[in-house]
Novice: 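The structure follows.
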Amino acid sequence: MNFTPHYGWYYNSLNDRAPAWTGVEYFARFLTTNKGAGPYGSFQPLYRAMPGDFIQISFDGLTFQHNLVVLETGELPTPDNILIAAHTYDSINRAVDTYSFEELRLIHIEGVRAA
């Protein structure tokens with residue numbers, strides 16, 4: 001866990017958690033700027049998707065509203081062969097192209113640092 005106030009990565013309870021646990025932009029900011037404990041990553045082109053990475057969806061082309069966890073990809077990852085898991089509407093092994101979206105972005109997980 002990373003207990004950095006406002007921008008960390010922790011969950012103690014529904015009322016004591018970092019915004020990155022529920023806010024898509026906070027989640028992206030944490031993963032792509034984290035220099036402390038916890039996971040870290042970078043924005044990459046979609047064709048670099050690997051299991052364990054995250055795809056974020058913008059339904060309106062203005063903001064990103066949803067996180068998807070990459071479970072499996074084709075040899076050359078594309079929206080029709082990237083399978084994900086998601087929670088808002090429980091999904092597992094769902095192809096990304098079954099969503100109606102304006103934009104996608106990939107956060108490639110590069111590693112994790114221990115406390």
Side-chain angles (χ1 to χ4, degrees):
M1 301 250 201
N2 179 322
F3 291 97
T4 304
H6 307 292
Y7 300 108
W9 179 259
Y10 63 91
Y11 184 99
N12 293 316
S13 70
L14 187 60
N15 296 318
D16 183 15
R17 64 183 182 214
W21 279 87
T22 56
V24 174
E25 291 297 336
Y26 286 103
F27 182 78
R29 185 178 309 126
F30 173 76
L31 286 176
T32 59
T33 65
N34 180 31
K35 303 293 185 216
Y40 59 93
S42 61
F43 293 114
Q44 294 290 326
L46 195 63
Y47 68 82
R48 301 249 352 250
M50 296 175 61
D53 289 345
F54 294 89
I55 292 176
Q56 296 189 316
I57 293 181
S58 173
F59 297 110
D60 61 10
L62 302 172
T63 60
F64 288 88
Q65 298 103 348
H66 198 43
N67 283 316
L68 311 172
V69 181
V70 176
L71 299 178
E72 187 177 328
T73 70
E75 190 171 326
L76 177 63
T78 59
D80 66 323
N81 68 25
I82 297 173
L83 303 181
I84 59 86
H87 180 61
T88 302
Y89 299 103
D90 290 344
S91 297
I92 191 158
N93 292 322
R94 179 176 175 179
V96 172
D97 73 347
T98 63
Y99 286 89
S100 177
F101 59 86
E102 292 294 319
E103 189 175 352
L104 300 172
R105 69 181 177 192
L106 174 72
I107 302 174
H108 174 66
I109 300 301
E110 296 173 359
V112 63
R113 294 183 193 91

Novice: Check Leu104 against Phe64 and note the closest heavy-atom contact, atom names and distance.
Specialist: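 Minimum heavy-atom separation between Leu104 and Phe64: C-CE2, 4.1 Å.
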
Novice: So, for Pro39 and Val112, which heavy atoms are closest and what is the spacing to 0.1 Å?
Specialist: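 Heavy atoms of Pro39 and Val112 come nearest at N-CG2, 3.6 Å.
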
Novice: Could you grab the distance from atom CD of Glu103 to atom CG of Leu62, nearest 0.5 Å is fine?
Specialist: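 CG of Leu62 is found 9.5 Å from CD of Glu103.
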
Novice: Take the angle between the ring planes of Phe54 and Phe27 and call it parallel below 30°, perpendicular above 60°, tilted in between.
Specialist: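 Plane angle over 60°, so perpendicular.
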
Novice: Is the charged tip of Arg94 near the ring of Tyr89: under 6.0 Å from the six-membered ring centre and within 45° of its axis?
Specialist: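 Not satisfied by the 6.0 Å and 45° rule.
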
Novice: Does a sphere of radius 6.0 Å around CE in Met1 hold more than 12 heavy atoms from other residues, nucleotides or ligands, not counting ones at 6.0 Å or beyond?
Specialist: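 Atom CE in Met1 is crowded, with more than 12 foreign heavy atoms closer than 6.0 Å.
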
Novice: Quick check: closest heavy atoms across Asp53 and His108, and the distance to 0.1 Å?
Specialist: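 The answer is OD2-ND1, 2.9 Å.
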
Novice: Do Trp9 and Asn34 have side-chain heavy atoms sitting under 4.5 Å apart?
Specialist: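 Not touching, per the 4.5 Å side-chain cut-off.
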
Novice: Please determine, by modelled atom types, if Gln65 and Asp60 share a side-chain donor-acceptor pair under 3.5 angstrom.
Specialist: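 The answer is yes; a qualifying pair exists.
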
Novice: Enumerate donor-acceptor pairs with a distance under 3.5 Å from any side-chain N or O in residues 17-26 to protein atoms, sequence neighbours excluded.
Specialist:
residue: Arg17; atom: NH1; partner: Leu14; partner atom: O; Å: 3.4
residue: Trp21; atom: NE1; partner: Tyr10; partner atom: O; Å: 2.7
residue: Glu25; atom: OE1; partner: Arg105; partner atom: NH2; Å: 3.1
residue: Glu25; atom: OE2; partner: Arg105; partner atom: NH2; Å: 3.3

Novice: Using the side chain to side chain contact (heavy atoms under 4.5 Å, CB included) rule, take Asp16 and Tyr11 through it: C-alpha gap first, then chi angles, then the decisive distance, then the call.
Specialist: CA-CA 6 Å; Asp16 183 15; Tyr11 184 99; over 6 Å; no

Novice: Say whether, by atom type as modelled, one donor and one acceptor occur between the side chain of Asn81 and the main chain of Thr78 under 3.5 angstrom.
Specialist: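 Looks like yes, one N/O pair under 3.5 Å.
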
Novice: Carefully, step by step, assess Leu106 and Arg48 under the rule side chain to side chain contact (heavy atoms under 4.5 Å, CB included).
Specialist: CA-CA 8 Å; Leu106 174 72; Arg48 301 249 352 250; 4.2 Å; yes

Novice: Taking all atoms of both residues into account, what is the closest heavy-atom pair of Ile84 and Val70, and its distance?
Specialist: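 Smallest heavy-atom distance, with atoms named: CG2-CA, 4.3 Å.
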
Novice: Centre of Tyr7's six-membered ring, under 6.0 Å away, within 45 degrees of the axis: is that where NZ or CZ of Arg29 sits?
Specialist: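 Negative - Arg29 is either too far from the ring of Tyr7 or too far off its axis.
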
Novice: Under 4.5 Å between any side-chain heavy atoms of Ile82 and Pro77, yes or no?
Specialist: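 Touching, per the 4.5 Å side-chain cut-off.
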
Novice: If you compare all heavy atoms of His66 against all heavy atoms of Ala86, which two are closest, and at what distance to 0.1 Å?
Specialist: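 For His66 and Ala86, the tightest heavy-atom pair comes out as NE2-CB, 3.8 Å.
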
Novice: Quick one: are Asn12 and Phe3 in side-chain contact, heavy atoms under 4.5 Å?
Specialist: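 Yes, close enough: below the 4.5 Å cut-off.
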
Novice: What heavy-atom pair brings Phe30 and Ala37 nearest, and what distance separates the two atoms?
Specialist: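 Between these two residues, the closest heavy atoms are CZ-O, 3.9 Å.
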
Novice: Given the rule in the side-chain hydrogen bond (donor to acceptor under 3.5 Å, both in side chains) test, do Thr4 and Asn2 qualify, once you have shown the distances and angles that lead to the verdict?
Specialist: CA-CA 6 Å; Thr4 304; Asn2 179 322; 2.5 Å; yes

